[in-house]
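Lettering of chains follows the sequences in order, A, B, ..., and the numbering in each one begins at 1.
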Protein chains: 2
Amino acid sequence: MTTAQGARARARQEVTAAIKEAARRQLAAEGAAKLSLRAVARELGMVSSALYRYFPSRDDLLTALIIDAYDSVGEAAERARDAVADAPPPARWIAVCEAVRDWALAHPHEYALIYGSPVPGYSAPETTVPAAARVGMVFIGIVRDAHEGPGLSGLSLPADLRPEGARMVADFAADVPPEAAVALVAAWAQLFGLIGFELFGQFNRVVEDRETFFRHAAGRLAEGVGLGRG
Amino acid sequence: MTTAQGARARARQEVTAAIKEAARRQLAAEGAAKLSLRAVARELGMVSSALYRYFPSRDDLLTALIIDAYDSVGEAAERARDAVADAPPPARWIAVCEAVRDWALAHPHEYALIYGSPVPGYSAPETTVPAAARVGMVFIGIVRDAHEGPGLSGLSLPADLRPEGARMVADFAADVPPEAAVALVAAWAQLFGLIGFELFGQFNRVVEDRETFFRHAAGRLAEGVGLGRG
DNA sequence: CAAAAAAGAGAGCACCGCTCTTGCTTCGGA
DNA sequence: TCCGAAGCAAGAGCGGTGCTCTCTTTTTTG
């Protein structure tokens, strides 16, 4: 299908990849705000208008980078999960949390791009949704495994939240009980609150030993989703 | 001092205020990325270069707006705190959390400006620090009051975090025990994770009843800082 | 082989932040 | 009171941006 086409099609893929690579380099160096189509073209030795044959607008280029960033952090989370597959659930949870944090510290501009404020006018195209879900799936998987295994502990859902619990979380977490799904989504958001605050300088004169602090907070998050004490 | 100066000084203050107001309107309408010095000048009927007499650069204008935004959300939190001054600590905590969330939903671009990714090359000037601390003080106050009153419940700090606890959190929270300070900072960051995810669309196909979900999560945050169950 | 599709190059438009120079108005000290 | 200094608005201009349009060349396809 996509292979063994004309040399022109392969050239197109190569140019597209080169554009993304140069753009990614600029993004990592200067941030999304400074990413310039003209500068990318300059770096590749072409004229700016030629770039529009590959990406119809700057935002489309940015969208491609967003998807790549989601995939990158998702892959980092999956690698961490697989590396500690035999550890007890709380340890696995914490390991994945730390992997996400490490990825964020290593790729601050990419992190800002996907979990910070939407950059241009905003808009998150539908195409980013599956990539965005990848990290979440890792956390869901850990909780689901714990649920099927030794079970979850210490979770409860107040009465007024009961009827909401089911339809609060989409069907992707249908195989975990509603109280766990609710706690999971909250923990998921809170994890990125911790990472974002550290990354964007909100902890600057507040938290000294951020590594220790984060591990402690991640452990409490694990408790919060019923994984027990690590 | 600042009053009864020459008419020129007052005129300067008025023009400065008008610039900030127009800029704030643009920010609220289009977001920080679209905020243009030239458009602000156009709206005020002056030429763009004249604006540089009042703000030496676009980033300085943005910094002024950042400080205002911090003050605005801080004031909203303080108002909520004062409105429920006689309620038990968990209820006060939740009320302030909801006030911050309401403010964020009402001022999404301002929220993105201060708690989203740093906009330009970045840089958070020192002048923003006191304004930024204002919201945090409200939360600290609630926990401190609870500590002096019926006391905190259910908090513990693992042994390996003990020595960190004291120097992890700056002196502004010196009058709460270290385990509470650690939990407080974590809850603070996590609160903004919840709000940010909702605001920036991360909950789009995930959380349905966000109001109920948030109140539930805020309640668990209150438990996490030792305020007990609301 | 000729028509069609794709790709690159260049000029140009409207916008941006920012600087510099030029006049005009207001203020403060001799 | 007057006059120089300081503050202020205006305009032109520089280099940068995203994006569109036209034109030419190259490659694919019927």
Rounding to an integer number of Å, can you tell me how far A/Leu51 CG sits from D/dT17 P? 12 Å
Tell me, do A/Tyr111 and A/His107 make a side-chain contact under 4.5 Å, heavy atoms counted? no
Is there a side-chain contact between B/Leu194 and B/Phe213, using heavy atoms and a 4.5 Å cut-off? yes
Can you find a side chain N or O atom of B/Arg53 that sits less than 4.0 Å from OP1 or OP2 on D/dG7? no
Ignoring backbone atoms, establish whether A/Arg58 has a side-chain N or O less than 4.0 Å from OP1 or OP2 of D/dG18. yes
Sugar-phosphate, base or nothing in reach of A/Leu44, heavy atoms under 4.0 Å: nothing
What nucleic acid atoms does B/Leu61 come within less than 4.0 Å of, heavy atoms only: base, sugar-phosphate, or nothing? nothing
Whole-Å distance between D/dT17 C1' and B/Leu35 CG? 17 Å
Measure from CZ on B/Arg42 to C1' on D/dA10 and round the result to the nearest Å. 16 Å
Gap between atoms NZ and C1', on A/Lys34 and D/dG18 respectively (whole Å): 17 Å
B/Arg12 side chain: which of D/dC8, D/dG18, C/dC18 is closest? D/dC8
In whole Å, what is the span from the CD atom of A/Glu30 to the P atom of D/dT17? 11 Å
With distance as the sole criterion, is a donor-acceptor pair present between the side chains of B/Asp60 and B/Ser57 under 3.5 Å? yes
Look at the side chain of B/Arg38 against the base of C/dG17 and say whether a donor-acceptor pair falls under 3.5 Å; ignore hydrogens and angles. yes
Which is true for B/Phe55 with a 4.0 Å heavy-atom rule: it touches a base, it touches only sugar-phosphate, or it touches nothing? nothing
Which whole-number value in Å describes the distance from A/Leu62 CG to D/dC19 P? 11 Å
Give the rounded distance in Å between these two atoms: CZ of A/Arg10 and P of C/dA7. 14 Å
Rounded distance (Å) that lies between atom P of D/dT29 and atom CZ of A/Arg8: 12 Å
Quick note, B/Leu37 side chain, CB onward, closest among D/dC19, D/dG11, C/dG17 is C/dG17
Measuring from the side chain of A/Ser57 (C-beta onward, heavy atoms only), which nucleotide among D/dT17, D/dC19, D/dA10 has the closest atom? D/dC19
DNA chain D: 5'-proximal contact among B/Ser49 and A/Ser48 (nearest heavy atom): B/Ser49
Taking only the side-chain nitrogens and oxygens of B/Tyr52, find out if one of them lies under 4.0 Å from OP1 or OP2 of D/dG7. no
Between B/Trp188 and B/Phe192, what is the ring plane arrangement, given parallel below 30°, perpendicular above 60°, and tilted in between? perpendicular
Does B/Ile94 reach the side chain of B/Arg215, with side-chain heavy atoms less than 4.5 Å apart? yes
